[in-house]
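Report on one structure; see the data block that follows.
Each chain gets a letter, A, B and so on, in the order the sequences are listed, and its residues count up from 1.
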2 protein chains.
Amino acid sequence: MKRRKRDPKATKRALLEAAFEEMHKHGFQGTSISQILARTGMTKGALFHHYPSKLALAYAVLDEIVEPMIVDIWLVPLDSRDDPLVALQAMLRSSVKRMTDQLGRNALLLGCPLNHFAEEMSPLDEGIRNRCNRIFSRWQSGITGVLVDGIGQGVVRSDVDAENTAMFIIASIEGAISMGKQTQSLARCLEMLQGCGEHLSLYLESLRKN
Amino acid sequence: MKRRKRDPKATKRALLEAAFEEMHKHGFQGTSISQILARTGMTKGALFHHYPSKLALAYAVLDEIVEPMIVDIWLVPLDSRDDPLVALQAMLRSSVKRMTDQLGRNALLLGCPLNHFAEEMSPLDEGIRNRCNRIFSRWQSGITGVLVDGIGQGVVRSDVDAENTAMFIIASIEGAISMGKQTQSLARCLEMLQGCGEHLSLYLESLRKN
DNA sequence: ATCATTACATACTAAGCGGTATGAAGAGGC
DNA sequence: GCCTCTTCATACCGCTTAGTATGTAATGAT
């Protein structure tokens, strides 16, 4: 009955962000359309006008929110003119700040949305799996590139398998975030992230050519 | 109508194992009672006779299946008389075999059930969170103990933070399993687990006192 | 053999789910 | 102003969900 001013782009975006937040907390299957609507004050008519299905909404969340977020947190800080190994170590140190900037401090307790989607849905839906796969690949490529640069510059030992190492770094980060989330304690969450960063930094140092 | 011989313990166990398999694949929220019943051929009467609710069933799955499984895969192999660092490295090498022995080869694609429960339910249910927490703590304690032994024996550098390192090892393992699952390819799953094991072995070697 | 108890099977319920059908109000072109 | 398309709001639908109520067959104690 109430008719406010129309702003379809803002409406669509609000639905998308509400869907992201709900799915980040409850997972895809645990999120109901009505929860998303309650969060936005919209109705089903609006949602199904902009998105044909819940699954399509999840795809949009991955494409338009999760992927840019991963890029901003984990790839953008790699664009530096530093020594590649130092750049990676700086990325690890700044990661907590980047995450809280993007997600808000309390959302750290909800873990990595990419990992959440992947863990829940990889065996269940090809569309979600392919999207997660693409994002992870992009992330891995970014780190691989830095390591390859390092090898080219003679900073990193030439026997280092860059792709494999990049995978290991991402796996450790995601694992640490998961274990932090699992405690549901902000302090221990930060402790685990920081600890992981320090261990990885040490490991990266061991890859240095000297 | 069909009445077979009764075996309540076997019935309860069958329901428990079916619940584990369903929840391992679909998650807690994504699992429906009827799917569990279809898998066992039982009916609701049987299930709700043995377990008062779906949540109670999940608790039993964690207590009676997931925890022993984690212990068997990751803690039992640490009981060796070897050099502590060698024991950890051997554990990493044998992990794939232990996992496939416990879960079956194709279930590798479903990832670590502990991590799945934790990732999905940690922010949503205290009972599940506490159980996951206990299992992770037990795992971490086991590795910490080995590292502390190593320090005591003069094999591991005394400046190593055993608890923190144990956390890092577990995080890396869980992360690698997650990334493997995400590919839904057995080959890449094995590749990631193996790669992670090699990197961790190298890192462990860097902790050696010499 | 009897009888209470256990171990189920069957039928049912209220609530919530994703999705659709319909209609009306806002917005832009002429 | 008028007409059309877009953008929603509302009402509804069939289905599934976790859980309950009830009844009955199997089991074990006496």
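Taking atom CG on Asp7(A) and atom P on dA25(C), their separation rounds to 21 Å, with Å as the unit. Nucleotide dA11(D) holds its P atom 19 Å from the CD1 atom of Ile33(A), rounded to whole Å. Between Leu47(A) atom CG and dT20(C) atom P there is a gap of 12 Å when expressed in whole angstrom units. We find that CG of Leu37(B) is positioned 12 Å from P of dG19(D), with the value rounded to whole Å.
Note on ring orientation: taking the six-membered ring where Trp is involved, the planes of His199(B) and Phe168(A) are parallel (angle under 30°, cut-offs 30° and 60°).
Closest to the side chain of Phe48(B), out of dG19(D), dC8(C), dC8(D), is dG19(D). In the set dT10(C), dA9(D), dT27(D), dT10(C) carries the atom at the smallest distance from any side-chain atom of Thr43(B).
Side-chain to base pairing of Arg6(B) with dT27(D): no donor and acceptor N or O lie closer than 3.5 Å to each other. Side-chain to base pairing of Lys44(B) with dA9(C): no donor and acceptor N or O lie closer than 3.5 Å to each other.
Looking at Thr31(B), its side chain does come within 3.5 Å of a backbone N or O of Glu22(B) through a donor-acceptor pair. For His50(A) (side chain) and Lys9(A) (main-chain N/O), no donor-acceptor pair under 3.5 Å exists by modelled atom type.
A salt bridge is defined here as a Lys NZ or Arg NE, NH1 or NH2 lying under 4.0 Å from an Asp or Glu carboxylate O, and Lys25(B) with Glu21(B) fails to meet this definition. Remark: Glu67(B) does not engage Arg131(B) in a salt bridge, criterion side-chain N to carboxylate O under 4.0 Å. Salt bridge Lys97(B)/Asp101(B): present, at least one basic N to carboxylate O contact under 4.0 Å. Classification of Arg13(A) and Asp7(A) as a salt-bridged pair fails, no side-chain N sitting under 4.0 Å from a carboxylate O.
Counting heavy atoms from C-beta outward, Asp125(B) and Tyr59(B) have side chains that approach closer than 4.5 Å.
In the model, Ser201(A) has no side-chain atom that pairs as donor or acceptor with a side-chain atom of Gln89(A) under 3.5 Å. The closest side-chain donor-acceptor pair between Gln184(A) and Glu126(B), if any, does not fall under 3.5 angstrom. Thr144(B) and Glu163(B) share no side-chain donor-acceptor pair at under 3.5 Å.
Within residues 49-60 of chain A, the residues that place at least one heavy atom under 4.0 Å from DNA chain C are, in residue-number order, Ser53(A), Lys54(A). Within residues 9-27 of chain B, the residues that place at least one heavy atom under 4.0 Å from DNA chain C are, in residue-number order, Thr11(B).
Computed from C1' positions of five pairs at each end, the angle between the two local axes of the helix from dA1(C)-dT30(D) to dC30(C)-dG1(D) equals 10°, rounded to 10 degrees.
Across all strands, Ser32(A) comes closer than 4.0 Å only to sugar-phosphate atoms, never to a base (heavy-atom distances).
Close to dT17(D), at under 4.0 Å from its OP1 or OP2, lies a side-chain N or O of Ser34(B).
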